[in-house]
Undergrad: 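Quick one: this structure, given as structure tokens, is what I'll be asking you about.
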Protein chains: 2
Amino acid sequence: MFKTVEWKDGAVRLIDQTRLPKEVLYVDCRDVETVAQGIKELWVRGAPAIGITAAYGIALAAQKIKAISFDNFYQELMPSCDLLAGSRPTAVNLFWAIDRMKQTAITHRELSIPSLKQTLLREADRILSEDIAMNRAIGKFGAALILPDSGILTHCNAGALATGGYGTALGVIRSAWEENKQIRVYADETRPVLQGARLTVWELVQEKIPVTLITDSMAGFFMKQGKIQYCVVGSDRIAANGDIANKIGTYSVAILAREHRIPFYVAAPMSTIDFKMPSGEEIPIEERHASEVTHIRGKEITAPEATIANPAFDVTPASYITAIITDKGVFKPEEIKDLDPGSSDHPGK
Amino acid sequence: MFKTVEWKDGAVRLIDQTRLPKEVLYVDCRDVETVAQGIKELWVRGAPAIGITAAYGIALAAQKIKAISFDNFYQELMPSCDLLAGSRPTAVNLFWAIDRMKQTAITHRELSIPSLKQTLLREADRILSEDIAMNRAIGKFGAALILPDSGILTHCNAGALATGGYGTALGVIRSAWEENKQIRVYADETRPVLQGARLTVWELVQEKIPVTLITDSMAGFFMKQGKIQYCVVGSDRIAANGDIANKIGTYSVAILAREHRIPFYVAAPMSTIDFKMPSGEEIPIEERHASEVTHIRGKEITAPEATIANPAFDVTPASYITAIITDKGVFKPEEIKDLDPGSSDHPGK
């Protein structure tokens, strides 16, 4: 099994996902700038994988700091944290992982600097292994919702390649498959960056899970034909009201699902929930470079004079979401706000 | 202005639309087999343009027949008609144009063979010039529905390149622009064959009509943002109950439009209506080659082991269609059946 992100011989090793499925190329990032570049240029993508990568990026930066007092050490670590925080604007896991690494440093401020460096690295390892465990929990909770002999549509790649391993939406699919549910997957190709065609299909082919590749424009057609019984997607950020941000096109899939009375599930770890974000309307939507639309695998597909739009994400309102499958269980979108550990459970308060 | 199809020096001249927008390459088809190949391989596409091309293909085949009696002439013409009829299964204009050419031959059976050949060529010319006139009528009727300062989404290419000239959906857009309505067009790229990115954008750029290229997956996003006030698409076949077949993805756009309370218009000449087809459920949907999905402009985008689906069209039920804009006026889909010249207007009959 491939590794999406790992610590290897003093470097952060990533699969360059922009090369898949043609080539399985590992890149060893030996400084935090290369890690940030990898996030920005989509060598690694998917909210949980970005979080893990950023954590390792901070651990990597930490190893190189020469300061001998904690205050100087922490001060020298900040620019690396800021650099990573600026690499992708929409994924809340990125900020969550950076905060956790900062908090770990502060909590262990009494340690010697060499021990602190080791602690930060162990914390990144823990974020990775927790992520895989969470994905397995998501998979188990999600698989319980899937009836045998079903067609499942997924959009983009919320797979092992988007996480520490196993996947969120594809974790649900993997679990259902491991439980012998005889599922068939429909993978939207997911323009502009084709994560469905390149990554989801590749992952599922490796596991011999039956997968049919379709263009994004075909989803409605196959729903109408009765081939699709469930939609399962990942998420980059979940607002307190149950709205979710995910890859551009998710919102359209959700509308099509409701029109065909197909359950629409969002699979994501609890760390994807941004309790400070009251609704999806406030989630910043990253606008990416026009060339992702005008060129496919280096080939220009349109007249150079065209105006281009390239929002990387959209927001699917809670009202279109059947349930959110987390590592802590399956929740209705309106139940999300009650999960906030920082808020009181007493409605009277 | 480019010519989509024309009779030139004894040949059927087509723009090879698969080369656009990179290259404006005209191909002179000197036998009916090349014409059929051009239809099959999408050098020419779009229901009206296919009909016109087939008519010229029959005229071309007629010129080469050596028979001296009408019966022999007609018999020798039939294989060419059958070859063309088999080139694309969904476009009703193809069968309509072939029938009209056959009928023209039969009507003029008393003519000398050289005169008959001339008559068939003039009939193809007439189909072309009628088509352009119909498009201008569609444009005028359609533009009356468009308020100034509107965003208009179109899917695929129902433009001059899909017709004899001017276009159906793009005819509405051209007319609205000529009437100074300050419209902005959103063009879906239209995977798999990218007619939106390659052809619609190119056509509109030539006329300096503002156009923004988006991926198919972005349509819902821009509707929700309030950027789109109308959807206008073409059609390859309209059933008697007002269901329409059009490029794959049209059905999804129609659902998204209704969800956002955006009018969804279908622009097509009367010849697109197949009164013998009671509903869209019976329209045959062409399944095209997997390579259109797995490869984009020659570049492979997925793992070679993937299963592929590639339906070229989908059917949008009448219930999603605000109105059908024809050369005879604007009709509600449920009014289509009353337009059948072969049926009585008297419901008591």
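Please read all numbers here as calculations on a predicted model, not as lab measurements. In the text below, chain A, chain B and the rest are named by the order of the sequence lines, each starting its count at 1.
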Undergrad: Can you tell me which of B/I255, B/V293, B/D216 forms the most heavy-atom pairs within a distance under 4.5 Å of chain A?
TA: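 Among B/I255, B/V293, B/D216, the one with the most close pairs to chain A is B/I255.
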Undergrad: Rounded at 0.5 Å granularity, tell me how far CG in A/L256 sits from CG in B/L256.
TA: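 Spacing of CG (A/L256) from CG (B/L256) equals 5.5 Å.
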Undergrad: Which region of A/Y186, side chain (C-beta onward) or backbone (N, CA, C, O), has a non-hydrogen atom less than 4.5 Å from a non-hydrogen atom of chain B, or is it both or neither?
TA: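 Neither part.
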Undergrad: Need one label for B/K247: side chain, backbone, both or neither, based on atoms under 4.5 Å from any heavy atom in chain A.
TA: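 No part of B/K247 comes within 4.5 Å of chain A.
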Undergrad: Under 3.5 Å, side chain of A/K224 to main-chain N/O of B/V315, donor-acceptor pair present?
TA: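 Yes: the side chain of A/K224 pairs with the backbone of B/V315.
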Undergrad: Set out, in order, the CA-CA distance, both residues' side-chain angles and the distance that settles side chain to side chain contact (heavy atoms under 4.5 Å, CB included) for B/T307 and A/L213, then state yes or no.
TA: CA-CA 6 Å; B/T307 302; A/L213 173 64; over 6 Å; no
Undergrad: Is B/N310 in contact with chain A via its backbone, its side chain, both, or neither, using a 4.5 Å heavy-atom distance?
TA: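 Contact with chain A is through both the backbone and side chain of B/N310.
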Undergrad: What are the two closest heavy atoms between A/S217 and B/R191, and how far apart are they?
TA: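 Closest approach of A/S217 to B/R191, heavy atoms only: OG-O, 3.3 Å.
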Undergrad: I need the residue from A/D314, A/T250, A/I296 with the largest number of non-hydrogen atom pairs under 4.5 Å to chain B.
TA: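 Most heavy-atom pairs under 4.5 Å with chain B: A/I296.
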Undergrad: Chain B heavy atoms under 4.5 Å from A/H260: which part of the residue, side chain, backbone, both or neither?
TA: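 For A/H260, side-chain heavy atoms alone lie under 4.5 Å from chain B.
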Undergrad: With the side chain counted from C-beta on, respond yes when B/I301 and A/R297 share a heavy-atom pair under 4.5 Å apart, and no when they do not.
TA: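 When only atoms from C-beta onward are counted, A/R297 and B/I301 do touch, with a gap below 4.5 Å.
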Undergrad: Heavy atoms, side chains only, cut-off 4.5 Å: are B/S252 and A/F221 in contact?
TA: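 Contact flag for B/S252/A/F221 side chains = no.
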Undergrad: Do we see a donor-acceptor contact under 3.5 Å between the side chains of A/Y320 and B/E259?
TA: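 Checked: A/Y320/B/E259 side chains pair up, N/O donor to acceptor below 3.5 Å.
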Undergrad: Between B/P304, B/A303, B/A290, B/A306, which has the largest tally of heavy atom pairs under 4.5 Å with chain A?
TA: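 When all of B/P304, B/A303, B/A290, B/A306 are compared, B/A303 has the most.
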Undergrad: What part of A/Y251 is in contact with chain B, defined as an atom under 4.5 angstrom from a non-hydrogen atom: side chain, backbone, both or neither?
TA: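 The side chain, not the backbone.
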Undergrad: Between A/G196, A/A197, A/A187, A/P192, who has the most heavy-atom pairs with chain B when the cutoff is under 4.5 Å?
TA: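 Heavy-atom pair counts peak at A/A197.
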Undergrad: Does any heavy atom of chain A fall under 4.5 Å from the side chain of B/E189, the backbone, both, or neither of them?
TA: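 Side chain only.
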Undergrad: Using side chain to side chain contact (heavy atoms under 4.5 Å, CB included), reason through B/V211 and A/E305 one step at a time and then give a plain yes or no.
TA: CA-CA 9 Å; B/V211 55; A/E305 301 87 348; over 6 Å; no
Undergrad: Please state whether the side chain, the backbone, both or neither of A/V205 comes within less than 4.5 Å of a heavy atom of chain B.
TA: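 Answer is side chain: those atoms of A/V205 sit under 4.5 Å from chain B.
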Undergrad: Side chain from CB out, backbone as N, CA, C, O: work out which of these in B/V253 comes under 4.5 Å of a heavy atom of chain A, or both, or neither.
TA: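 Neither part.
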Undergrad: Crowded around B/K227 NZ? As in, over 12 foreign heavy atoms under 6.0 Å?
TA: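 Atom NZ in B/K227 is not packed in, count stays at 12 or less.
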Undergrad: Among A/V201, A/T190, A/I285, who wins on heavy-atom pairs under 4.5 Å with chain B?
TA: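 Highest number of pairs under 4.5 Å: A/V201.
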Undergrad: Just so I understand: if I count every heavy-atom pair under 4.5 Å between each of A/L204, A/D188, A/T212 and chain B, which residue has the most?
TA: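 Ranked by heavy-atom pairs under 4.5 Å with chain B, first place is A/T212.
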Undergrad: Where does B/E281 contact chain A at under 4.5 Å (heavy atoms): side chain, backbone, both or neither?
TA: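 Only the side chain of B/E281 comes within 4.5 Å of chain A.
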